[in-house]
Trainee: 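Got a structure for you, written out below as structure tokens; questions coming shortly.
Scope of the values below: all heavy atoms of this structure, side chains included, with no hydrogens, waters or symmetry mates. FYI, the numbering just counts along the sequence from 1. Owing to the predicted nature of the structure, the values given are computational and were not obtained by experimental measurement.
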Amino acid sequence: MNEFMKLALKEARIGIVRDDGGPFGAVIERDGSVVSKAHNEVLKTNDPTAHAEMLAIRRASSILGRFDLSDCEIYCTSEPCPMCLSAIYWARLKGLYYGTTKEDVAAIGFDDDHIYEVIRGESGWDVKMIKVDRDDCLKVLREWSSKPERRLY
């Protein structure tokens, strides 16, 4: 068994025993060494974004002192949800290894199908979306855009 996946599974089990959240674990490695590891803590923290992948990315970024994790890979016990997959892309992780599929986790109640349908344009948002105060918000974008020392990420 892959050593990093073994650690991700250990994290998932810690979360299960502690009742911190869902049965998910993640490990970020760089050059064969563990940078960070985490398990789902949604119930522990009452934070709906406290998925294992999100926490592992946050910790790795903090430990390495940078947002660009392009020299790292992530091991997840399950295929990442849309939020976590987006974070993996934003962090520029160079590799993603996962155990179970989104269909496997849907079978136990963690179903992201509606989100995927919205992303594909097959369904509308359930959240009311109303554009307000665009002109004032555009001013902030212009302020940032004209800042000579701005840093893109």
Side-chain angles (χ1 to χ4, degrees), residues 1-127 129 137 140-141 143-145 147 149-153:
M1 174 175 219
N2 180 285
E3 290 303 312
F4 299 114
M5 186 59 79
K6 194 181 290 186
L7 290 172
L9 285 167
K10 183 177 179 182
E11 278 294 314
R13 288 187 176 102
I14 290 169
I16 291 170
V17 170
R18 293 181 183 169
D19 200 27
D20 286 344
F24 308 106
V27 170
I28 293 180
E29 69 84 18
R30 182 180 68 164
D31 298 328
S33 297
V34 173
V35 176
S36 68
K37 56 188 176 178
H39 59 270
N40 185 295
E41 294 184 12
V42 169
L43 298 177
K44 175 184 176 183
T45 62
N46 291 314
D47 176 355
T49 70
H51 291 195
E53 299 92 335
M54 300 293 286
L55 296 174
I57 289 169
R58 291 173 189 158
R59 291 173 186 163
S61 294
S62 178
I63 289 165
L64 297 174
R66 55 190 163 89
F67 61 84
D68 184 340
L69 303 178
S70 58
D71 58 346
C72 300
E73 297 183 311
I74 189 167
Y75 291 77
C76 311
T77 56
S78 293
E79 184 176 0
C81 74
M83 175 185 66
C84 293
L85 186 58
S86 295
I88 288 165
Y89 278 105
W90 280 114
R92 298 180 177 101
L93 288 157
K94 68 178 179 178
L96 162 63
Y97 302 85
Y98 64 93
T100 59
T101 66
K102 61 183 182 244
E103 292 81 15
D104 294 328
V105 298
I108 63 164
F110 294 93
D111 192 351
D112 299 326
D113 275 349
H114 181 66
I115 298 170
Y116 287 107
E117 290 168 1
V118 170
I119 291 168
R120 289 190 301 263
E122 299 167 0
S123 179
W125 284 102
D126 295 338
V127 177
M129 295 175 62
C137 294
V140 172
L141 295 182
E143 285 174 33
W144 183 86
S145 185
K147 182 180 172 182
E149 67 278 5
R150 72 181 178 274
R151 292 176 51 205
L152 290 174
Y153 53 90

Trainee: Roughly how far, to the nearest 0.5 Å, is CE of M54 from CD1 of I88?
Mentor: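 The distance works out to 9.5 Å.
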Trainee: State, yes or no, whether a side-chain contact exists between I74 and V27 at a heavy-atom distance under 4.5 Å.
Mentor: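 A side-chain contact under 4.5 Å is absent here.
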Trainee: Working to the nearest 0.5 angstrom, can you tell me the gap between E53 CD and C76 SG?
Mentor: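 Nearest 0.5 Å value for the CD-SG distance: 4.5 Å.
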Trainee: Is atom OH of Y89 surrounded by more than 12 heavy atoms (other residues, nucleotides or ligands) closer than 6.0 Å?
Mentor: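 Not buried by this count: 12 neighbours or fewer within 6.0 Å.
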Trainee: If the condition is ring-ring contact (aromatic ring centres under 6.0 Å, His included), which residues does Y97 pass it with, not counting sequence neighbours?
Mentor: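 In terms of ring-ring contact (aromatic ring centres under 6.0 Å, His included), with neighbours along the sequence ignored, Y97 is linked to Y75.
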Trainee: To the closest 0.5 Å, what do you measure between CG (L96) and CG (L85)?
Mentor: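 Reported value, rounded in 0.5 Å steps: 7.0 Å.
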Trainee: Name all residues meeting the side-chain contact (heavy atoms from CB on, under 4.5 Å) criterion together with R59; count only those two or more places apart in sequence or in a different chain, and write none if there are none.
Mentor: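 Checked R59 against side-chain contact (heavy atoms from CB on, under 4.5 Å); matches are S36, A38, E41, L55.
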Trainee: Which atom pair, heavy atoms only, marks the closest approach of E79 to K102?
Mentor: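 Where E79 meets K102 most closely, the heavy atoms are OE1-N, 2.9 Å.
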Trainee: May I have the step-by-step check of side-chain contact (heavy atoms from CB on, under 4.5 Å) for I14 and R18, ending in yes or no?
Mentor: CA-CA 6 Å; I14 290 169; R18 293 181 183 169; 3.5 Å; yes
Trainee: How long is the straight-line distance from CZ of F110 back to SG of C81, given to the nearest 0.5 Å?
Mentor: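 Reported to 0.5 Å precision, the distance equals 11.0 Å.
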Trainee: Using every non-hydrogen atom in the two residues, find where A60 and I28 come nearest and quote the distance to one decimal.
Mentor: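 Of all heavy-atom pairs spanning A60 and I28, the closest is CB-CD1, 3.8 Å.
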Trainee: Could I get the full list of salt bridge (charged side-chain N to carboxylate O under 4.0 Å, His left out) partners for R120, not counting sequence neighbours?
Mentor: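 For R120 the salt bridge (charged side-chain N to carboxylate O under 4.0 Å, His left out) partners, ignoring immediate neighbours, are E122.
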Trainee: Tell me if the CE atom of M1 is crowded by more than 12 foreign heavy atoms within 6.0 Å.
Mentor: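 Yes, because the 6.0 Å sphere around CE of M1 holds more than 12 heavy atoms from other groups.
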Trainee: Using side chain to side chain donor-acceptor pair (under 3.5 Å) as the criterion, list what pairs up with D47, not counting sequence neighbours.
Mentor: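 With sequence neighbours excluded, D47 shows a side chain to side chain donor-acceptor pair (under 3.5 Å) to T49, given in chain and number order.
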Trainee: So which atom in V42 and which in N40 form the shortest heavy-atom distance, rounded to 0.1 Å?
Mentor: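 In terms of heavy atoms, the two residues are closest at N-OD1, 3.0 Å.
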Trainee: On a heavy-atom basis, which atom in G99 and which in M5 lie closest, and how many Å separate them?
Mentor: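 Between these two residues, the closest heavy atoms are N-CE, 3.7 Å.
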Trainee: Kindly give the heavy-atom pair with the smallest separation between D113 and D111, and that separation in Å.
Mentor: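 Answer, listing the atom of D113 first, then D111: N-OD1, 2.9 Å.
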Trainee: Could you list the donor-acceptor pairs under 3.5 angstrom formed between side-chain atoms of residues 61-70 and any protein atom two or more places apart in sequence or on another chain?
Mentor:
residue : atom : partner : partner atom : Å
S61     : OG   : I57     : O            : 3.1
S61     : OG   : R66     : O            : 3.4
R66     : NH1  : D68     : O            : 2.5
R66     : NH1  : D71     : OD1          : 3.2
R66     : NH2  : D71     : OD1          : 3.3
R66     : NH2  : D71     : OD2          : 3.1
D68     : OD1  : S70     : N            : 2.8
D68     : OD1  : S70     : OG           : 2.7

Trainee: Report the distance from atom CZ of R30 to atom SG of C72, rounding to the nearest 0.5 Å.
Mentor: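 Interatomic distance, R30 CZ to C72 SG, rounded to 0.5 Å: 6.0 Å.
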Trainee: Hey, does S123 have a side-chain heavy atom less than 4.5 Å from the side chain of H114?
Mentor: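 They are in contact (side-chain heavy atoms under 4.5 Å apart), so the answer is yes.
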Trainee: Test of understanding: with ring-ring contact (aromatic ring centres under 6.0 Å, His included), list the residues that count as partners of Y98, not counting sequence neighbours.
Mentor: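 For Y98 there are no ring-ring contact (aromatic ring centres under 6.0 Å, His included) partners, ignoring immediate neighbours.
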Trainee: Once you round to the nearest 0.5 Å, how far does CD of E29 lie from CD of E73?
Mentor: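 Between atom CD of E29 and atom CD of E73 there are 5.0 Å.
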Trainee: Taking the side chain as everything from C-beta on, heavy atoms only, tell me whether K147 gets closer than 4.5 Å to E149.
Mentor: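 Result yes, sub-4.5 Å side-chain heavy-atom pair found.
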Trainee: Tell me if the CH2 atom of W144 is crowded by more than 12 foreign heavy atoms within 6.0 Å.
Mentor: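 Check passes, neighbour count above 12.
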